[in-house]
Each structure stands twice: as C-alpha cells, then as structure tokens.
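Encoded as structure tokens, the structure appears first; notes follow it.
A quick note: this is a predicted structure, and the numbers were derived from the prediction, not measured.
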Amino acid sequence: MAKDNISRRGFLKLLGGGAVATAAVMTGCKPKTETKAVEEYKKQVEPPVGKMTYRTCPASGDKVSLLGYGMMRLPSKTENQDDYDQDMINRQVDYAIEHGVNYFDTSPVYCQGKSEACTGIALSRHKRSEYLVATKLSNFNPATQSREASMAMYYNSMKQLQVSYIDYYLLHSVGSSTAEFNKRYIDNGMMDFLLTERKAGRIRNLGFSFHGQKDVFDEILAMHDKYHWDFVQIELNYLDWQFADEINNRNVDASYLYDELQKRDIPAVIMEPLLGGRLANLPNYLAAELKQHDPERSVASWAFRYAGTPEGVLTVLSGMTYMEHLKDNLLTYCPLVPLKKSEQHYLDKDVAERIVGLQNIPCNDCKYCMPCPYGIDIPAIFVHYNKCKNEGLLPTDHGDANYKELRRNYLIGLDRAVPRLRQADHCIQCGQCEPHCPQSIRIPRELRKINDYVEALKQDTLSRTKEPQQG
C-alpha cells in the first residue's frame with residue numbers, strides 16, 4: 001500500500017464502524033466525514049477474491065456462499081427511491097459474484113414490484129451455474145390467493161428473473177395464523193402444485209420464511225414429515241437471539257427457531273442480521289466499545305459474524321444498497337472468522353441487554369408496510385426517531401439545558417428525512433399497514449404518538465411525560 005494511503009484500521013476508525021455512513025443514509029444528511037470515508041473505502045479496502053466461506057445445502061448439495069445478496073433495497077439513480085439504477089445494480093452483482101457470492105434473494109413485492117426484473121437483468125448476464133436465485137410466493141393480497149393468481153405469480157417470477165427453474169422457493173412471511181397459511185397455500189391447492197414443481201426440478205429447494213407466532217411456527221414446522229422443508233428463513237441476530245419477545249411480545253426468539261430447525265436437520269437462511277441497519281447504527285457509546293474490542297472490524301461485522309457462526313446457517317442475507325456495504329460484508333465473510341464463545345457471550349449478555357433497554361420502535365425498515373395509501377413514509381419516521389433516541393439527541397424535557405438545540409435539530413432533521421406531506425400528522429389511522437408488519441408493530445398507534453410528540457415540540461410545550469413510549 002502506498003505511503004499516502006490510509007490503512008484498513010485507519011479507514012474503519014474514520015468510518016466509525018459503519019455507523020456514520022448508515023446514519024447519514026437513513027436520515028438523508030451527508031456529512032463531509034461520510035463522503036471522505038466512503039471515497040477512502042473505495043480506494044483502499046478491497047476484499048480478497050477466492051476466500052468466500054461456503055456452506056452445503058443438505059437437500060440439494062448446493063455450495064452456498066455464506067453471504068447472500070438480499071435484493072430488497074436496491075440503489076436508485078435519484079432521491080426518488082423507485083428510480084432504480086440498473087447499471088449500478090449490474091456492477092454490484094458483478095462484484096459480488098466475482099468475490100464468491102452466489103445466493104440472490106428477491107420477491108415479487110420487493111422494491112414496489114421491480115426487484116425481480118432488476119435482479120433478472122443483472123443475473124442473466126452471467127452463466128446460470130454461477131448463481132442461485134431465491135424468490136417467494138408473496139400472495140399476501142386476497143386478490144392473489146386463488147390457485148390461478150398464485151400460479152400466475154409463480155410463473156411471472158420465472159419470467160422476470162429470466163430463468164427456467166428457481167433454486168430456492170419460499171412461502172413468504174408465514175406465521176400470523178394457521179388459518180391464513182391454509183388460505184394462502186393449502187386450501188387453494190398451491191402446496192400440491194409446488195410439490196409437483198419440485199419433483200419436476202423447476203423448484204430445486206422448497207421452504208418458507210417466518211415472521212409471527214410460536215404456535216404457528218410449530219404447526220408449520222410439524223408439516224416437515226409431509227412436505228419435507230429443504231430450508232427455512234428466519235430472523236436471527238444478537239438482539240433477537242433471546243430478546244425478540246421482550247422487544248415485541250408477538251415475536252419469537254431466534255434461539256428457539258434455530259434450535260427447532262437443528263433438531264430436524266433443516267438449514268436456516270438468515271434475514272435481518274442487522275435489524276434493518278439498527279445494529280450497524282448503534283448508540284455512539286456502544287459503537288465505541290465495540291471498536292475498542294477490535295479496531296480492525298466495523299460495528300456491522302460483529303452482527304454478521306454472530307449470524308454466520310452457527311453451523312446450521314446456510315447463508316446470511318444482507319440488503320446491500322451501496323458498494324461500501326457489499327465490500328464490508330465481503331471482508332467479514334472472505335473468510336468468516338467465527339465468534340469466540342467469549343465474544344458471543346459479550347454480545348448476548350452485555351450489548352443486547354443494553355439495546356433492549358433503549359425501548360426503540362422495533363422497525364427494521366423492511367418497507368412491507370409501504371406504500372401507504374395516504375403517502376406516509378412510515379419507516380423513515382420511525383428510523384429518524386430511533387436514531388435520535390440512540391444517539392441521546394431526543395429532546396425530552398423543556399427544562400433541559402440543551403433542550404432548544406435538540407428541539408431545533410430534531411425538527412430540522414425530520415424535515416430533511418421525511419417530506420412534510422409524508423409525515424405522521426397526515427396519518428388517518430386507517431390501519432392498512434399494520435397487518436403487513438413482520439415485527440407486529442402497532443403502526444397507527446406509534447405514528448399517532450410520534451405526531452403528538454412532534455406537535456409538542458413545535459408548540460414548545462414538551463414535558464418529559466410526552467416522550468413517546470414504545471409498546
């Protein structure tokens with residue numbers, strides 16, 4: 001490395017473990033340090049080629065990259081997030097494949113319905129043997145739950161992805177109730193159809209992704225004797241491992257989900273290793289503590305090592321919108337250095353417990369609640385609130401010495417992150433969003449509480465009792 005280039009250690013200190021870049025992206029502000037850090041990252045920190053860690057799928061024998069590319073959050077050309085940048089998507093997919101990534105996960109509903117087409121364009125430029133494609137039967141809407149409509153969705157996925165078979169096919173986001181599962185997949189005959197497709201080789205591995213109730217998970221997993229699930233996608237990270245129920249009493253701890261899969265030798269595909277970026281954008285004091293433990297690693301890498309260490313994990317999905325995210329994750333998995341027991345204990349018993357104490361709104365920025373029929377940018381509102389709370393920048397009492405500065409910064413930051421017409425005061429409490437939330441957030445209620453809080457800030461009448469309380 002040339003003398004005028006910074007070291008990886010120097011860069012990661014400059015980047016702040018990923019927290020600065022992640023926070024800036026989420027809030028819409030771009031401090032000078034972020035621009036400088038990203039530019040230095042692109043120049044100086046290159047992950048090695050040929051060092052990817054792989055796991056073997058027992059059902060098909062596939063050699064699967066431990067890092068999976070989640071195509072849920074694609075780069076856009078402009079501030080309009082629906083204006084996707086196909087050239088950049090192509091470049092990032094090319095870079096990922098060059099560095100050993102071969103698992104690409106999408107859905108008919110991701111990116112306002114555009115993800116499969118964008119993914120298909122990028123992947124079709126490569127040999128079919130170079131990648132494994134995963135997509136889902138995302139028939140949430142009652143209009144898509146008939147046999148004919150569900151089959152049309154399945155065939156359209158192949159068309160959009162430009163493939164003649166799907167490597168990993170999922171029943172998308174099951175777990176809210178057994179009755180809903182039956183309506184979407186059993187009563188309409190779709191399970192029989194999908195089993196026939198698997199037997200014909202047009203589906204190579206069949207599984208489901210889970211968000212929801214423990215009893216529903218148990219019932220669907222018990223169907224393994226009949227359907228032979230080849231894999232199951234679960235949410236796993238060092239916060240959800242044993243605190244998912246405390247964060248939201250309608251979620252299930254990842255330790256339980258993983259252990260139940262292990263009993264049946266079913267590999268786990270991991271989603272939300274960063275909880276939508278929350279575990280990369282930790283409060284400053286926690287981020288600094290992780291950096292003291294290992295200055296060479298980013299804050300995000302701790303979460304990815306945690307998710308990738310268990311042997312029953314097949315691949316860990318990451319929605320890598322920007323090249324710097326992809327590179328940092330490649331550095332973590334090329335190759336994986338598994339967590340030591342002491343490191344795992346530290347994350348489980350120390351870091352996670354303190355994050356739970358923050359009592360944030362458990363939004364993962366997955367955008368399943370979007371689009372709102374009234375234009376509310378639900379995830380951006382929650383992300384801004386959580387960010388300010390994590391960093392100790394939430395105005396809580398009119399009598400605080402720095403109240404005026406915090407109040408001004410919160411309101412200005414909100415306007416920068418969320419256009420005025422898309423803020424919480426325009427929510428009419430219709431409730432359309434709530435059934436789609438994988439985290440079971442009571443979205444209208446949380447929006448109303450945040451709106452009351454913002455109005456108190458605007459009217460300069462805030463008291464400590466008016467700070468929103470999650471739950």
Side-chain angles (χ1 to χ4, degrees), residues 19 22-23 25-28 73 211-212 235 237-240 243-253 271-284 286 303 319 351-370 372 374 376-396 406 409-411 413-418 422-427 429-457 462 464-471:
T22 304
V25 168
M26 287 182 172
T27 60
R73 302 178 178 98
H211 292 284
E235 186 172 306
N237 51 70
Y238 62 77
L239 193 58
D240 280 323
F243 293 113
D245 184 66
E246 292 189 34
I247 297 170
N248 190 317
N249 60 17
R250 289 182 281 181
N251 284 350
V252 185
D253 287 348
M271 57 184 163
E272 299 295 351
L274 288 179
L275 274 176
R278 289 165 61 196
L279 300 185
N281 187 32
L282 295 177
N284 291 338
L286 283 177
V351 179
E353 287 184 0
R354 284 186 280 172
I355 295 174
V356 171
L358 293 172
Q359 295 185 332
N360 287 344
I361 298 169
C363 175
N364 294 348
D365 195 24
C366 69
K367 297 181 174 61
Y368 281 21
C369 58
M370 300 294 281
C372 166
Y374 296 92
I376 313 302
D377 194 341
I378 299 166
I381 294 167
F382 290 160
V383 164
H384 177 71
Y385 173 80
N386 284 341
K387 176 182 179 295
C388 291
K389 188 168 187 177
N390 286 350
E391 296 182 1
L393 302 177
L394 199 69
T396 57
L406 293 178
N409 290 343
Y410 185 92
L411 293 175
L414 177 62
D415 287 344
R416 287 177 176 173
V418 188
R422 305 193 68 185
Q423 293 182 13
D425 57 331
H426 287 80
C427 173
Q429 302 285 302
C430 71
Q432 179 174 312
C433 51
E434 190 166 324
H436 302 293
C437 179
Q439 304 304 317
S440 301
I441 301 170
R442 295 174 179 175
I443 295 173
R445 186 175 72 171
E446 297 300 329
L447 288 175
R448 184 176 63 249
K449 289 193 294 185
I450 287 182
N451 180 54
D452 291 344
Y453 174 70
V454 170
E455 284 302 311
L457 288 179
L462 184 71
R464 190 173 298 276
T465 58
K466 290 186 178 180
E467 178 188 344
Q469 298 296 317
Q470 191 274 322

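Between atom CD1 of residue I378 and atom NZ of residue K367 there is a gap of 11.5 Å, rounded to the nearest 0.5 Å. Atoms CD1 and CD1, on I361 and I441 in that order, are 7.0 Å from each other to the nearest 0.5 Å. If you take CZ on R445 and NZ on K449, they are separated by 5.0 Å, rounding to the nearest 0.5 Å. Rounding to the nearest 0.5 Å places CG of L394 at 8.0 Å from CG of L457. Separation of atoms CZ (R278) and CG (L239) is listed at 6.0 Å; rounding is to 0.5 Å. Annotation: the span from D365 atom CG to L274 atom CG amounts to 12.0 Å, rounded to 0.5 Å.
Every side-chain hydrogen bond (donor to acceptor under 3.5 Å, both in side chains) that R448 has, sequence neighbours left out, goes to Q429. Evaluation of the salt bridge (Lys or Arg N to Asp or Glu O under 4.0 Å) rule for D425 yields no partner, not counting sequence neighbours. Applying the ring pair (Phe, Tyr, Trp, His ring centres under 6.0 Å) rule to Y368 yields the partners H172; only residues at least two apart in sequence or on another chain are considered.
With contacts defined as side-chain heavy-atom distances shorter than 4.5 Å, the pair F382/L447 qualifies. Using a 4.5 Å cut-off on side-chain heavy atoms (C-beta onward), V383 and N281 make no contact. Using a 4.5 Å heavy-atom cutoff, the side chains of C366 and R73 are in contact. L411 places a side-chain heavy atom less than 4.5 Å from the side chain of V454.
Smallest separation of non-hydrogen atoms from V418 and A380: CG2-CB, 3.6 Å. Of all heavy-atom pairs spanning P379 and C363, the tightest one is CA-SG, 4.1 Å. Of all the heavy atoms in A303 and P273, the pair that sits closest is CB-O, 3.5 Å. Here the closest heavy-atom approach between residue C437 and residue I443 is recorded as CB-CD1, 4.0 Å. Residues R354 and L286 approach most closely at CZ-CD2, 3.4 Å, considering heavy atoms.
In this pair, Y410 and H384 present their aromatic rings tilted. The plane angle is within the 30 to 60° band.
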(request) Check step by step if side chain to side chain contact (heavy atoms under 4.5 Å, CB included) holds for Y238 and F243. (result) CA-CA 9 Å; Y238 62 77; F243 293 113; over 6 Å; no

(message) L279 vs V351, test: side chain to side chain contact (heavy atoms under 4.5 Å, CB included). Steps then yes/no.
(response) CA-CA 10 Å; L279 300 185; V351 179; over 6 Å; no

(request) Under the side chain to side chain contact (heavy atoms under 4.5 Å, CB included) rule, what do L275 and E235 come out as? Steps first, then yes or no, please. (result) CA-CA 9 Å; L275 274 176; E235 186 172 306; 3.4 Å; yes

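Looking at E446, its side chain never comes within 3.5 Å of a backbone N or O of I450 through a donor-acceptor pair.
For N451 and Q423, the side-chain atoms include no donor-acceptor pair closer than 3.5 Å.
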